[in-house]
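Please read the structure below before turning to the comments.
Below, chain A is the first sequence line, B the second, and so on; all start at residue 1.
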2 protein chains.
Amino acid sequence: MKPLVHPTLRDITVEGILHALSDPVRVAIYADIVGSDCSQTCSNFVNIVDKPVPKSTLSVHFKALRQAGLIRGERRGVEMYNVSRCSEIDGRFPGLIAAIVKAHNIQSEETRTPKVKPGSLKKRRLER
Amino acid sequence: MKPLVHPTLRDITVEGILHALSDPVRVAIYADIVGSDCSQTCSNFVNIVDKPVPKSTLSVHFKALRQAGLIRGERRGVEMYNVSRCSEIDGRFPGLIAAIVKAHNIQSEETRTPKVKPGSLKKRRLER
DNA sequence: TTCAATAGTTCATAACTATTGAACTAAGGA
DNA sequence: TCCTTAGTTCAATAGTTATGAACTATTGAA
């Protein structure tokens, strides 16, 4: 099986990070990985949003997060464990990851307990 | 001519912001608008990156920034003036915009004065 | 060693999104 | 009025993404 590729810190770009996290599924996965203190397998995230994410799609999302330099993946047997590279990234772009994850959490919290009357938002965020 | 549409603060999403700023031309335009104290017309940005940006493309990019809620545009005669909505956004997602613009500036600075051997970077950013 | 189960990847294709030249609109002069 | 300038829209094309189906790789059990 092909070895996993991870960009060096220098090859990580702001645009790449923002693009990777501009997808609702990927930002949810990433916020979860950043917030957890142990590494996580792909299939933990099948139900990260309301609708189950197909495993081929999950695989593509994890590849996108790896290639953006946001996570590091390691195969262990049949599974793959993923950890965040946020402390590395923080050395180069201080505060960036924290601000994005915080904003994501604020938004998720709003969606979970909306201040406006439920259903009045045109596009509810977790729908696809 | 069609009136400009701007989302309300509530309708702005983190994903929308990240997507809008995941394009190298748009993030450069936006960082410039945030960093300047007066409003800016579209055509000021034709040479924001090394290669001139066609005006139809610029128009689409400004529409994307407006629809993401990042800027507010106002037609004045034949021109359009644009200002950042960062203080509004900061009320909802504190520190997000500042962190992204700062990271963009760090990256631009690195590219302008590379630590690695000159010429080894694919895309050098020209100064304006 | 063979089989089955499990985790993840690859491929093909369909659906979507982005770029841009050309034609257009609208405003402000001369 | 006609010209110029600023920006928009359209249409063609190029590029990207999502996902079911088929695949590989690893593990454990029989």
Worksheet item: With sequence neighbours excluded, what pairs up with K55(A) under the side-chain contact (heavy atoms from CB on, under 4.5 Å) test?
Response: none

Worksheet entry | Residues within residues 71-85 of chain A bordering DNA chain D, heavy-atom distance below 4.0 Å | G77(A), V78(A)

Fill in: Residues clustering with L4(B) (ILVMFWY side chains joined when closer than 4.5 Å, directly or via others)
M80(B)

Practice prompt. Check whether any side-chain nitrogen or oxygen of H61(B) sits under 4.0 Å from OP1 or OP2 of dG7(D), and answer yes or no.
Written response: no

Determine all donor-acceptor pairs shorter than 3.5 Å in which one atom belongs to a side chain in residues 15-24 of chain A; sequence neighbours excluded.
| unit_1 | atom_1 | unit_2 | atom_2 | d |
| --- | --- | --- | --- | --- |
| E15(A) | OE1 | Q107(B) | NE2 | 2.9 |
| S22(A) | OG | H19(A) | O | 2.8 |
| D23(A) | OD1 | V25(A) | N | 2.9 |
| D23(A) | OD1 | R26(A) | N | 3.1 |

Side-chain donor-acceptor pairs of residues 84-100 of chain B under 3.5 Å, sequence neighbours excluded:
| unit_1 | atom_1 | unit_2 | atom_2 | d |
| --- | --- | --- | --- | --- |
| S84(B) | OG | C86(B) | N | 2.9 |
| R85(B) | NE | E88(B) | OE1 | 2.8 |
| R85(B) | NH1 | P7(B) | O | 2.8 |
| R85(B) | NH2 | P7(B) | O | 3.0 |
| R85(B) | NH2 | E88(B) | OE2 | 2.9 |
| E88(B) | OE1 | R72(B) | NH2 | 3.3 |
| D90(B) | OD1 | G95(B) | N | 2.9 |
| R92(B) | NE | E110(A) | OE1 | 3.1 |
| R92(B) | NE | E110(A) | OE2 | 3.1 |
| R92(B) | NH1 | L9(B) | O | 2.7 |
| R92(B) | NH1 | R10(B) | O | 3.3 |
| R92(B) | NH1 | I12(B) | O | 2.7 |
| R92(B) | NH2 | E110(A) | OE1 | 2.6 |

Worksheet item: What pairs with E79(B) under side chain to side chain donor-acceptor pair (under 3.5 Å), at least two apart in sequence or on another chain?
Response: Y81(B)

Response to the item:
Atom CG of D23(A) and atom P of dT16(D) are separated, to the nearest Å, by 16 Å

Worksheet, complete the sentence: Those stems involving DNA chain D that have three or more consecutive Watson-Crick or G-U pairs, both distances under 3.5 Å, are C:1-30 with D:1-30

Practice prompt. Extract, from 5' to 3' on DNA chain C, the first and final nucleotides lying under 4.0 angstrom from some heavy atom of chain A.
Written response: dT6(C) to dT10(C)

Worksheet entry | side chain to side chain donor-acceptor pair (under 3.5 Å) involving S43(B) - partner list, sequence neighbours excluded | none

Fill in: Pairs involving residues 38-68 of chain A, ordered by first then second residue, that meet ring-ring contact (aromatic ring centres under 6.0 Å, His included) (sequence neighbours left out)
F45(A)-F62(A)

Practice prompt. Examine dA6(D): is either OP1 or OP2 under 4.0 Å from a nitrogen or oxygen in the side chain of T41(B)? Give yes or no.
Written response: no

Item to complete: Using a 4.0 Å heavy-atom cut-off across all strands, classify S43(B) as base, sugar-phosphate, or nothing.
Response: sugar-phosphate

Item to complete: Mind checking side chain to side chain donor-acceptor pair (under 3.5 Å) for T41(B) and listing every partner two or more places apart, or none if nothing turns up?
Response: N44(B)

Practice prompt. Output all residues satisfying side chain to side chain donor-acceptor pair (under 3.5 Å) with D11(A), sequence neighbours left out; order by chain, then residue number.
Written response: T8(A)

